[in-house]
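First the structure, in the form of structure tokens, and then the observations on it.
Quick caveat, the model's predicted, so the values are computed rather than measured. First the proteins, then the strands, lettered A, B, ... as listed; each starts at 1.
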Amino acid sequence: MLSLQLIREEPERVREALRRRHSDAPLDEVIELDREWRRLLHEAEGIRAERNALSKEIGQLSRTINDPEAPARERRHAQHRRDDLVARSTYLSQRLEGLEEQVKELQRRLDQLLLTIPNLPDDRVPEGEGEPDNVVVRQWGEPPSFDFSPLPHWELGERLGILDLEAGARLSGSHFYVLKGAGARLQRALIQLALDFHTARGYQEIYTPALVREECMWRGGWLPTFAGLMYHDAEEDLWLLPTAEVALTNLHREEILPPGTLPCYYVAYTPCFRREKFAGGRDVRGVKRVHQFEKVELYKFVEPERSAEELEALVEDACALLRALGIPHRVVLLCTGELGFNSAMTYDIEAWTPGSGEWLEVSSCSNCTDFQARRAGIRFRREKGSRPEFVHTLNGTGLALPRILIALLENYQRADGSVAVPEVLRPYLGGLESLP
RNA sequence: GGAGGGAUCGCACAGUGGCCGAGUGCGCCCGCCUGCUAAGCGGGUGGGGGGCCAACGCCCCCUCGCGGGUUCGAAUCCCGCUCCCUCCGCCA
């Protein structure tokens with residue numbers, strides 16, 4: 001959610017930022033509603049102030065009236081005065097009733113509109129409409145060359161007997177997968193590695209529920225925009241996490257973090273659920289796009305002035321793990337048109353997948369600035385007694401399964417159909433050097 | 001799933017219709033006192049929104065878990081919800 005104050009004070013700056021994003025957000029409507037809201041609010045508060053004063057006096061008069069010690073004349077006087085005041089107060093209350101209704105309605109509409117306006121892009125984000133306008137900022141490793149034609153992961157997986165898509169479909173439908181034997185173990189090893197890796201780099205490990213209240217989705221900025229992307233349990237009205245980001249944002253919802261808390265780095269491993277309702281026929285083969293997957297997510301709460309450098313550090317943390325795994329990858333700065341709703345600036349990290357010959361997104365690291373924090377009410381104090389300020393939040397994929405599995409299988413495959421196990425993973429697999 | 005109890009300013013509590021625009025203790029901050037420390041004394045101490053001001057500031061409104069209702073007026077009465085605690089049942 002954008003700051004209403006910012007919209008009020010620098011509407012042209014906001015307008016320009018939204019234009020860069022190709023957003024058709026109803027900015028003018030917001031400005032108009034805000035003006036009207038404040039006008040009525042002012043009026044209502046004036047009336048309430050008068051009524052409060054009357055109430056106080058009525059209270060005092062009541063005491064006089066009920067005081068048997070008070071002279072009869074004084075009590076009679078008080079009674080008359082009190083009757084007048086009650087009449088006036090009744091009138092004010094009636095006027096207030098309608099006004100308050102209007103104020104509340106305006107505020108509701110204003111909030112509703114504000115919730116549909118995306119975050120403003122950082123100045124460094126290139127303007128553009130779609131993927132071609134993204135900018136590759138760096139690359140690590142060279143796509144390996146093979147003296148045979150490399151297989152896609154679904155073929156490798158089936159041949160090795162570690163990936164069973166048919167079984168996934170039998171259990172739950174298409175876009176679900178089953179891992180078996182070394183495959184299942186490999187996935188577990190990757191999770192373990194990722195958690196150990198990022199913990200060693202200063203992130204605190206967090207375990208969270210995978211089902212959260214609807215409120216968490218609103219606060220995290222996933223509702224109303226992404227309602228069609230998520231699973232929802234109607235009976236208990238709980239939502240399945242599309243990403244641990246939602247849980248981690250809400251971890252400090254409506255809190256004022258005391259001095260010394262920031263920066264705060266979290267790493268959480270959770271299952272993620274996505275309906276992929278809008279994915280259409282894209283990525284139908286293999287496990288690139290599935291309804292349930294595992295993910296290790298990185299999350300940061302930081303001081304506003306540090307968020308830009310923290311984003312770079314976050315990307316570096318995600319890249320470091322890919323380097324450790326020996327997977328060639330590149331870092332892409334998303335253009336304005338590709339930015340997520342909450343994000344001011346996003347880097348995607350794409351791994352090379354020789355089997356399908358493409359760069360596959362395995363991480364997305366975003367600086368959400370104060371946008372999510374404002375929505376979720378997450379603030380901090382610089383010092384004891386100083387004014388609370390909104391924190392900046394950042395999130396990034398620390399390890400995306402099963403996509404890393406894809407990259408691993410396809411990069412490490414050998415001519416005989418076996419797959420080498422990267423050095424760094426072996427301790428987690430009892431020293432296993434190769435599949436099978 | 002059933003039966004009770006609770007939610008008040010960082011913490012512990014007080015407060016059953018108008019002197020509560022919320023009090024006390026602790027904690028914390030400022031000052032006084034004081035060889036030092038402790039004690040003592042005095043003052044201050046949440047969050048949100050709006051308005052005025054060049055600024056320092058000043059004023060108003062909201063906030064006693066959340067949302068409705070009753071009333072001229074609600075922390076207080078009524079209804080719904082959420083969370084926490086205790087006991088029973090069930091259970092990995």
Side-chain angles (χ1 to χ4, degrees), chain A residues 1-9 30-70 74-75 78-112 114 207-219 233-239 250-261 370 373-391:
Chain A
M1 177 156 65
L2 293 181
S3 157
L4 196 50
Q5 201 182 345
L6 178 70
I7 294 175
R8 211 176 274 154
E9 287 168 4
V30 166
I31 293 170
E32 186 46 47
L33 271 177
D34 175 55
R35 194 170 303 149
E36 183 65 4
W37 170 68
R38 277 186 297 165
R39 192 178 69 75
L40 290 177
L41 184 67
H42 193 71
E43 195 181 340
E45 285 186 348
I47 293 174
R48 206 176 287 122
E50 188 185 345
R51 196 186 67 182
N52 286 345
L54 290 180
S55 274
K56 190 179 180 184
E57 199 180 339
I58 290 171
Q60 286 162 350
L61 292 170
S62 299
R63 255 168 276 127
T64 304
I65 291 164
N66 295 323
D67 180 6
E69 308 284 306
E74 202 174 300
R75 290 165 67 180
Q79 184 65 56
H80 287 145
R81 171 108 180 115
R82 186 181 183 280
D83 290 345
D84 287 348
L85 295 187
V86 166
R88 171 76 181 157
S89 188
T90 305
Y91 163 72
L92 290 179
S93 285
Q94 279 163 358
R95 272 189 64 195
L96 252 187
E97 213 170 311
L99 257 182
E100 278 177 332
E101 194 63 39
Q102 286 180 62
V103 169
K104 224 177 276 180
E105 171 63 16
L106 278 176
Q107 184 154 30
R108 213 177 50 77
R109 276 166 56 197
L110 194 52
D111 282 346
Q112 219 168 14
L114 272 177
Y207 169 83
T208 74
L211 292 154
V212 298
R213 303 160 170 283
E214 180 176 316
E215 165 132 32
C216 292
M217 294 301 177
W218 285 98
R219 300 310 200 108
D233 165 46
E235 194 169 345
E236 303 289 342
D237 197 20
L238 288 171
W239 295 68
N250 281 276
L251 208 57
H252 292 302
R253 165 161 39 113
E254 298 295 320
E255 272 192 63
I256 300 174
L257 304 170
T261 311
D370 61 353
R374 176 169 289 107
R375 220 165 148 137
I378 306 167
R379 291 169 296 168
F380 77 107
R381 272 188 232 277
R382 292 183 189 274
E383 285 161 42
K384 214 170 187 161
S386 61
R387 281 250 160 270
E389 296 171 51
F390 287 106
V391 303

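The side chain of A:N52 lies closest to B:C62, out of B:G68, B:C62, B:C83. Of all nucleotides listed (B:G68, B:C62, B:G18), B:C62 comes nearest to the side chain of A:R48.
Partner assigned to B:U34 is none, using Watson-Crick or G-U wobble distances below 3.5 angstrom. Shown here, B:A12 forms a base pair with B:U24; the pair counts as Watson-Crick or G-U wobble because both key distances fall under 3.5 Å. Remark: B:C72 base-pairs with B:G18; criterion is Watson-Crick or G-U wobble with both hydrogen-bond distances under 3.5 Å. Across all strands shown, B:C85 is found opposite B:G4 as a Watson-Crick or G-U wobble partner, with both distances under 3.5 Å.
Under the side chain to side chain contact (heavy atoms under 4.5 Å, CB included) rule, A:R88 has a single partner from A:T90, A:L92, A:V86, A:D84, which is A:L92.
In this structure, A:S93 does not reach the B:U71 phosphate: none of its side-chain N or O atoms is under 4.0 Å from OP1 or OP2.
Mapping A:R63 and A:A53 onto RNA chain B via the closest heavy atom, the residue that lands nearer the 5' end is A:R63. In terms of position along RNA chain B, the nucleotide closest to A:G59 lies nearer the 5' end than the nucleotide closest to the other residue of the pair A:R213 and A:G59.
Taking the C1' atom of each, B:C32 and B:G15 are spaced 34 Å apart, rounded to whole Å. Rounded to a whole angstrom, the distance from the C1' atom of B:G5 to that of B:G10 is 25 Å. Distance check on atom C1': B:G73 versus B:C19 gives 15 Å, rounded to whole Å. The gap from the P atom of B:A22 to that of B:G47 amounts to 15 Å, rounded to the nearest Å. With both ends at atom P, the span from B:A55 to B:C78 equals 49 Å, rounded to whole Å. To the nearest whole angstrom, the two C1' atoms, one in B:G68 and one in B:C53, are 40 Å apart. Here the separation of B:G65 from B:A3, taken at their C1' atoms, is 23 Å to the nearest Å. Spacing of C1' atoms, B:C81 relative to B:U45, comes out at 34 Å, to the nearest Å.
Residue A:E255 contributes atom CD, which lies 13 Å from atom C1' of B:G10 at whole-angstrom precision. In this structure, CD1 of A:I58 is placed 13 Å from P of B:G18, rounded to the nearest angstrom. Taking atom CD1 of A:I65 as the reference point, atom C1' of B:G17 lies 16 Å away to the nearest angstrom. Rounding to whole angstrom units, CD of residue A:E100 and C1' of B:C61 are separated by 11 Å. Note: CD (A:Q79) to C1' (B:C72) measures 13 Å, nearest angstrom. What separates CH2 of A:W218 from C1' of B:U82 is a distance of 19 Å, to the nearest Å. A:Q60 has its CD atom 11 Å from the P atom of B:G21, to the nearest Å. Distance A:E50 CD to B:C61 C1': 14 Å, rounded to the nearest Å.
Across A:L40 and A:Q102, no two heavy atoms sit closer than the pair CD1-OE1, 3.6 Å. Nearest heavy atoms, A:D237 versus A:E214: OD1-OE1, 3.8 Å.
Taking the charged nitrogens against the carboxylate oxygens, A:E32 and A:R35 do have a contact shorter than 4.0 Å, which makes a salt bridge. The pair A:E45-A:R48 does not meet the salt-bridge criterion, since no charged nitrogen lies less than 4.0 angstrom from a carboxylate oxygen. Salt bridge A:R38/A:D34: present, at least one basic N to carboxylate O contact under 4.0 Å.
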Protein-to-nucleotide contact annotation, 5' to 3' order, nucleotides 44-50 of chain B [B base; S sugar-phosphate only; - none; under 4.0 Å, heavy atom]
---SSBS
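Between the side chains of A:D83 and A:Q79, at least one donor-acceptor pair of N or O atoms lies under 3.5 Å.
Heavy atoms of other residues, nucleotides or ligands lying less than 6.0 angstrom from CD of A:E97 number 12 at most.
A donor-acceptor contact shorter than 3.5 Å is absent between the side chain of A:D370 and the backbone of A:F390.
A:R88 comes within contact range of no nucleotide atom at all, as no heavy-atom separation falls under 4.0 Å.
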